[in-house]
Amino acid sequence: MASTINLDSIDALAAIYPHSPGHLHVVRPQIEQRVQLVKTWGIQPGEKVLEIGCGQGDCTVALAAAVGDEGSVTAVDPASLDYGSPFTLGEAQSHLRASPLGSRIKFVQADPVQYLQTTTDHYTTAIMAQCTWYFAEPRVLSEILAALLSRVDRVCISEYSLVASDHRAFPHVLATLAQASLECRNPNSQSNIRTVLSPDRIRKVASAAGFVVENEQTLRPPEGMLDGKWEVGWVLSNGFEKQVEELIAEAKEKSVVLAARDSVRGAAKLVEERGESICTMDVWVAVFESA
């Protein structure tokens, strides 16, 4: 069955990915966006791919479909296997191992740099798909890219662009910056947004590590992708406000974060007054090669 599943089989890939009953409509746009990335990067059958920051494996499953039976995907993530919701990393990864594409995937729970130090394998492509904002600090990206320089033919990165070509995504941009203004004061952050790196910052970090941009573009996510709605919802929640009160003692700093939150509320209200729904911001997609 695996040989019949390819990047044009979005419904089949979404069905493979773990989801609760009745929530396939939530999963499908996520998988569609990952397929969009994999096609843009031009992942080929037979490739030996290293995915960094694989999480629950939404991009992993698309990569496994692309590399075919002769290829492989080594998916590395340092997070605890009990991290994540509604499915933990451990649950999601076990589910994908048992899927028709499972034989193509090797999941590894490890720090990426430390993992590369334990193996001499060379990879055709290293992938970082919308994972850099999970890094504890910008230095982590620098260390990963330095470790990859002699171990891969190219590095493919995607990250949210901090640009909204669709006005409905502007609240998502503001919510990202509001979260970042809080999380930079949280040394034990478990947020989706811990370190915000813009495309320009990622380019500069990659250049310092010895990479050059081979190509880049900005893509609009599929209409049903809910990341923007989720992030806006969190910033406007009582839980976010509670964290502001707990983590920030200085009144001037607190007012900055709360003002950022208010800007999210105002932008979201404008979208809602038009009878529209908040959507997800544009995604920057790039390919780097060694200089």
Side-chain angles (χ1 to χ4, degrees), residues 7 33-55 59-60 62-64 66-68 70-78 106 108 110-163 165 176 180 193-221 281-291:
L7 291 181
Q33 194 264 339
R34 271 43 174 192
V35 167
Q36 183 185 48
L37 294 177
V38 173
K39 286 184 174 181
T40 300
W41 287 323
I43 303 298
Q44 297 299 309
E47 283 209 46
K48 186 176 182 178
V49 173
L50 173 66
E51 183 188 7
I52 292 172
C54 63
C59 193
T60 313
L63 290 166
V67 300
E70 301 304 316
S72 65
V73 180
T74 300
V76 181
D77 199 297
K106 175 186 176 183
V108 179
D111 174 271
V113 174
Q114 292 178 3
Y115 174 72
L116 285 167
Q117 291 171 346
T118 67
T119 174
T120 58
D121 290 347
H122 189 91
Y123 300 91
T124 56
T125 303
I127 300 288
M128 284 184 269
Q130 284 140 255
C131 69
T132 68
W133 290 3
Y134 284 90
F135 296 164
E137 53 185 305
R139 172 182 55 82
V140 175
L141 177 61
S142 299
E143 292 174 351
I144 290 172
L145 287 172
L148 289 173
L149 185 61
S150 64
R151 305 292 295 278
V152 299
D153 296 337
R154 60 179 190 149
V155 176
C156 298
I157 301 177
S158 72
E159 195 50 88
Y160 292 111
S161 66
L162 298 175
V163 171
S165 60
T176 295
I193 301 172
R194 305 172 197 178
T195 298
V196 171
L197 293 167
S198 68
D200 188 54
R201 295 306 309 166
I202 294 173
R203 284 189 215 98
K204 289 178 179 177
V205 171
S207 176
F211 289 95
V212 294
V213 177
E214 195 274 327
N215 64 71
E216 61 183 324
Q217 58 184 293
T218 302
L219 302 176
R220 289 267 295 271
M281 75 173 93
D282 300 347
V283 175
W284 172 73
V285 185
V287 177
F288 294 88
E289 297 179 344
S290 59

Participant: Can you tell me how far CG of L162 sits from CG of L197, rounded to the nearest 0.5 angstrom?
Facilitator: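 Going from the CG atom of L197 to the CG atom of L162 covers 9.5 Å.
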Participant: Rounded to the nearest 0.5 Å, what separation is found between the NZ atom of K48 and the OG1 atom of T124?
Facilitator: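 Output value for this atom pair is 9.0 Å.
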Participant: Output the distance between atom NZ (K106) and atom OG1 (T60), rounded to the nearest 0.5 Å.
Facilitator: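 Answer rounded to 0.5 Å: 14.0 Å.
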Participant: Quick check on R154: does its CZ atom have over 12 non-hydrogen neighbours (other residues, nucleotides or ligands) under 6.0 Å away?
Facilitator: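 Yes, because the 6.0 Å sphere around CZ of R154 holds more than 12 heavy atoms from other groups.
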Participant: Picking from R34, Q130, Q36, Q33, what satisfies side chain to side chain donor-acceptor pair (under 3.5 Å) with S158?
Facilitator: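 Exactly one candidate clears the test, Q130.
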Participant: Do the side chains of E51 and C59 get nearer than 4.5 Å, heavy atoms only?
Facilitator: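 C59 vs E51: side chains touch.
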Participant: Below 3.5 Å, can you tabulate the donor-acceptor pairs from side chains in residues 144-153 to any protein atom, sequence neighbours excluded?
Facilitator:
residue: R151; atom: NE; partner: D121; partner atom: O; Å: 3.0
residue: R151; atom: NH1; partner: L116; partner atom: O; Å: 2.8
residue: R151; atom: NH1; partner: T119; partner atom: O; Å: 3.3
residue: R151; atom: NH2; partner: T119; partner atom: O; Å: 2.5
residue: R151; atom: NH2; partner: D121; partner atom: O; Å: 3.0
residue: D153; atom: OD1; partner: H122; partner atom: NE2; Å: 2.8

Participant: Among all residues two or more places apart in sequence or in another chain, which pass the ring-ring contact (aromatic ring centres under 6.0 Å, His included) test with W284?
Facilitator: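 Result, ring-ring contact (aromatic ring centres under 6.0 Å, His included) vs W284: none returned.
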Participant: Would V155 and F211 satisfy side chain to side chain contact (heavy atoms under 4.5 Å, CB included), going step by step from the backbone distance to the final call?
Facilitator: CA-CA 9 Å; V155 176; F211 289 95; 3.7 Å; yes
Participant: Would you sort out whether V35 and K39 count as a side chain to side chain contact (heavy atoms under 4.5 Å, CB included), showing the intermediate values?
Facilitator: CA-CA 6 Å; V35 167; K39 286 184 174 181; 3.9 Å; yes
Participant: Under a 4.5 Å cut-off applied to non-hydrogen side-chain atoms, are V49 and Y123 in contact?
Facilitator: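 Side chain of V49 against side chain of Y123, heavy atoms only: no contact under 4.5 Å found.
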Participant: Once you round to the nearest 0.5 Å, how far does CD1 of I127 lie from CG of L63?
Facilitator: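 Going from the CD1 atom of I127 to the CG atom of L63 covers 5.5 Å.
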Participant: Count the heavy atoms belonging to other residues, nucleotides or ligands that lie under 6.0 Å from CD of E70, then report whether that count exceeds 12.
Facilitator: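 Open.
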Participant: Applying side chain to side chain contact (heavy atoms under 4.5 Å, CB included) to I43 and V67, what does each step give before you reach the verdict?
Facilitator: CA-CA 7 Å; I43 303 298; V67 300; 4.0 Å; yes
Participant: When rounded to the nearest 0.5 angstrom, what is the spacing between OG in S142 and CD1 in I202?
Facilitator: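 Going from the OG atom of S142 to the CD1 atom of I202 covers 11.0 Å.
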Participant: Specify the closest pair of heavy atoms between A286 and W41, including all atoms of both residues, with the distance to one decimal.
Facilitator: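 Of all heavy-atom pairs spanning A286 and W41, the closest is O-NE1, 3.3 Å.
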Participant: With rounding to the nearest 0.5 Å, note down the distance linking CE in M128 to CZ in F288.
Facilitator: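 Spacing of CE (M128) from CZ (F288) equals 8.5 Å.
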